[in-house]
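Working notes, structure below.
Source: prediction; values computed, not measured.
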Amino acid sequence: MDWKTEKVKKEKEATITNLMAEAKELRKSKKLEGAIGKYEKVLELDADMVDAKEGIREVKTEIKQIEEKQSYIDNVVLYDLQ
């Protein structure tokens, strides 16, 4: 392998590491759509990245759970509060 190929490989790995860290931070702050976007960018660079695929699956599950909770809240009726 020549040094240019090695340099490109290291830059790609660094970019993937940064994107994964950004996705993790977005998940912590509940910016789930942004996290999915970061995971998708990782998959554009490395389509076989298991952590990114798993991250997307987990975030989609979180979104679904939030939507289910939100739909339940719409059915809650408060009355006779003092």
Indicate whether any N or O donor in one side chain lies under 3.5 Å from an N or O acceptor in the other, for Asp2 and Thr5. yes
Solution key, residues 20-30 side-chain donor-acceptor pairs under 3.5 Å, sequence neighbours excluded:
unit_1: Glu22; atom_1: OE1; unit_2: Lys38; atom_2: NZ; d: 2.7
unit_1: Arg27; atom_1: NE; unit_2: Glu62; atom_2: OE2; d: 3.2
unit_1: Arg27; atom_1: NH1; unit_2: Glu58; atom_2: OE1; d: 3.0
unit_1: Arg27; atom_1: NH2; unit_2: Glu58; atom_2: OE1; d: 3.3
unit_1: Arg27; atom_1: NH2; unit_2: Glu62; atom_2: OE2; d: 2.6
unit_1: Ser29; atom_1: OG; unit_2: Glu25; atom_2: O; d: 3.2
unit_1: Ser29; atom_1: OG; unit_2: Leu26; atom_2: O; d: 3.2

Could I get the full list of side-chain contact (heavy atoms from CB on, under 4.5 Å) partners for Thr17, not counting sequence neighbours? none
Is there any salt bridge (Lys or Arg N to Asp or Glu O under 4.0 Å) pair reaching into residues 39-55, and which pairs are they, with sequence neighbours excluded? Glu54-Arg57
Interatomic spacing from CD1 in Ile36 to CG in Leu43 - rounded to 0.5 Å: 11.5 Å
In chain order, what residues pass the side-chain contact (heavy atoms from CB on, under 4.5 Å) check against Ile66, with sequence neighbours excluded? Leu32
